[in-house]
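Okay, so here's the structure we're looking at.
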Amino acid sequence: MDKFLINGPCKIKGKVKISGSKNASLPILAATLLFDKPVIIKNLPRVRDINTMLNLLRSLGSKIVLSKDKKTAKILNHKNMRTFASYSLVKTMRGSILVLGPLISKFNKAKISMPGGCLIGTRPVNYHLAALKKLGMNFSIKNGYILAHSKGRLKGNIIKFPKISVGASINAILGACLAKGTTILKLTALEPEVLDLTKFLNKAGANIKWSGRTCTIEGVNSLSETRYSVMSDRIEAGTFSVAATLAKGNLEIKNFDPKVIKTELELLKKAGAKIKEGNNKIFISGPEKIKPIKNIKTQEWPGVATDMQSQLMVLMCKANGKSTITENIFENRFLHVGELQRLGANIQIKKNKAMIKGNTKFVGAELMSSDLRASVALVLAAMISEGKSTINRIYHLDRGYENLESKLRNIGVQIRRKK
Ligand code: UD1
């Protein structure tokens with residue numbers, strides 16, 4: 001199993017280019033199942049989750065031609081598509097559930113493995129199923145599979161989500177896009193990746209309008225041939241912004257819209273970072289002394305992203321005083337804490353709140369990755385630790401960060417991969 005060897009502490013300086021967004025690419029790729037005409041998707045990140053989604057589409061019958069750099073995919077669906085998503089494909093990536101809405105809408109049936117829980121929480125799909133049921137999907141759960149069918153075309157309806165969910169909002173939008181009549185979704189997730197999906201669908205002829213958290217979808221009969229470039233990855237941009245703040249860095253982070261991390265950049269300014277916004281880029285320099293922040297709380301967009309929580313925690317470990325971070329989205333998302341403690345962190349957890357005593361002197365150690373974002377926090381911590389660290393099980397990082405080690409090496413981090 002691959003591991004990272006990191007020798008710290010490192011100085012950060014230079015430029016980094018942000019890749020396409022994994023979490024925007026996954027629903028857009030799932031949405032291609034709704035098309036009879038060819039679709040070209042550009043700016044895909046070269047990460048494992050995207051390969052998994054492309055393999056899932058291939059297994060359903062889509063013909064996919066990738067460009068040489070593998071960042072552009074031309075996708076054309078077959079006349080006789082399959083509607084079965086196996087356990088082996090779904091278990092490696094919960095995002096596979098996003099094909100349910102398109103399959104039921106386009107082919108009126110689907111058999112998809114239940115995604116199950118994961119380390120950061122139970123992560124049920126009950127809101128996805130309830131929303132699609134309201135559009136006319138019937139389903140049962142048998143032998144770990146969702147068996148779904150509908151009598152002909154789905155029908156528009158009014159759906160109020162009990163709680164904001166990114167995935168359930170996406171599945172409902174994908175189900176409603178070609179449904180008969182109007183669907184009104186209330187309490188819809190407004191994450192930039194959800195808006196990127198509706199921008200893509202509207203470009204292809206869908207009729208989707210937003211008003212606050214209400215999303216109104218007039219069903220259309222078909223979608224037209226389209227080319228679309230996926231938005232850049234806001235979590236990758238946020239992660240590099242934390243890296244620069246943490247390591248007294250001087251970094252130009254380019255190829256993304258700074259508005260998508262405005263909340264996180266405000267926090268970094270509070271911590272002492274100097275940030276200048278340019279056209280599709282930022283210049284960020286880290287302070288001599290990092291200031292602590294009381295009451296960081298993860299929330300749905302436009303709040304602090306839960307996917308940035310672990311990276312911010314590393315930053316607060318180096319702050320000059322006490323901070324707190326409350327995790328409001330996932331019940332078990334402090335997996336990185338035990339590993340950070342092995343480097344010397346002083347963190348106490350009470351339910352969903354972490355109390356962090358700052359001024360930590362991190363000393364390199366052997367570490368274990370647990371999930372995608374927890375793993376990147378360990379990379380950040382190792383980067384500013386005294387001496388050598390080894391990060392095991394980095395396949396988690398390969399799921400979602402494109403060329404992480406070469407991007408970090410280019411800006412001064414001593415990191416290498418050991419096979
Ligand atoms: C997506 C992102 C993930 C991010 C998360 C929150 C992708 C592939 N993943 O995950 O990186 O951390 O949004 O921004 O885009 N819930 C239910 N029932 C459901 C659905 C969700 O109870 O049917 C709960 C979840 O357990 C969680 C909360 O709702 O506590 C929010 O989850 P959700 O927004 O759905 O996250 P994902 O779409 O899974």
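Any value given below was found using the heavy atoms of this structure, including those in side chains, with hydrogens, waters and symmetry copies removed. The structure presented is a predicted model; accordingly, all values stated were derived computationally and were not measured. Whatever order the structure lists ligands and atoms in, that order sets their numbers, starting from 1.
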Give the residue and atom name of whichever protein heavy atom lies nearest to [atom], and the separation in Å to one decimal.
{"atom": "atom 8 (C) of ligand 1", "result": "N23 OD1, 3.4 Å"}
{"atom": "atom 1 (C) of ligand 1", "result": "V166 CB, 4.0 Å"}
{"atom": "atom 6 (C) of ligand 1", "result": "T306 CG2, 3.7 Å"}
{"atom": "atom 38 (O) of ligand 1", "result": "G167 N, 2.8 Å"}
{"atom": "atom 17 (C) of ligand 1", "result": "Y127 CE1, 3.3 Å"}
{"atom": "atom 39 (O) of ligand 1", "result": "R123 NH2, 2.9 Å"}
{"atom": "atom 21 (C) of ligand 1", "result": "S165 OG, 3.7 Å"}
{"atom": "atom 3 (C) of ligand 1", "result": "D307 OD2, 3.6 Å"}

*Backbone of A374 reached by a side-chain donor or acceptor of D371 within 3.5 Å*: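 Present.
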
*Decide whether an N or O pair under 3.5 Å exists between I329 and ligand 1.*
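Yes, there is a polar N/O contact under 3.5 Å.
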
*Does any N/O atom on E331 come nearer than 3.5 Å to any N/O atom on ligand 1?*
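No, E331 has no N/O under 3.5 Å of an N/O on ligand 1.
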
*Contact with ligand 1 for P124, non-hydrogen, under 4.0 angstrom*: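 Yes, P124 has heavy atoms under 4.0 Å from ligand 1.
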
*Residue that, paired with E402, satisfies salt bridge (charged side-chain N to carboxylate O under 4.0 Å, His left out) out of K71, K22, K17*: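 It is K71, the one option of K71, K22, K17 that forms the salt bridge (charged side-chain N to carboxylate O under 4.0 Å, His left out) with E402.
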
*Heavy atom under 4.0 Å from ligand 1: found in R333's side chain, backbone, both, or neither?*
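Near ligand 1, R333 shows its side chain, while the N, CA, C and O stay back.
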
*Between E193 and ligand 1, which residue portion shows a heavy-atom distance shorter than 4.0 Å: side chain, backbone, both, or neither?*
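E193 to ligand 1: no contact under 4.0 Å from either part.
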
_Enclosure of K353 NZ (heavy-atom neighbours >12, cutoff 6.0 Å)_ =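 Not more than 12 within 6.0 Å, no.
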
*Taking the six-membered ring for Trp and the full ring for Phe, Tyr or His, determine whether the centres of F107 and F84 are under 6.0 Å apart.*
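They do not qualify: ring centres at least 6.0 Å apart.
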
*Please determine if D2 and R417 form a salt bridge, counting it only when a charged side-chain N lies under 4.0 Å from a carboxylate O.*
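Salt bridge present between D2 and R417.
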
*Between D307 and R333, is there a side-chain N and carboxylate O pair less than 4.0 Å apart?*
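A salt bridge links D307 with R333.
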
*asked:* Under the side-chain contact (heavy atoms from CB on, under 4.5 Å) test against I97, which residue among I146, L129, I170 passes?
replied: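 Only match with I97 under side-chain contact (heavy atoms from CB on, under 4.5 Å): I146.
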
*Find out whether the Lys NZ or Arg CZ of K276 is both under 6.0 angstrom from the six-membered ring centre of F283 and within 45° of the ring's axis.*
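Yes, a cation-pi geometry holds between K276 and F283.
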
*Starting from the C-alpha separation in whole Å, work towards a yes-or-no answer on side-chain contact (heavy atoms from CB on, under 4.5 Å) for F330 and T306.*
CA-CA 8 Å; F330 291 109; T306 171; 3.9 Å; yes

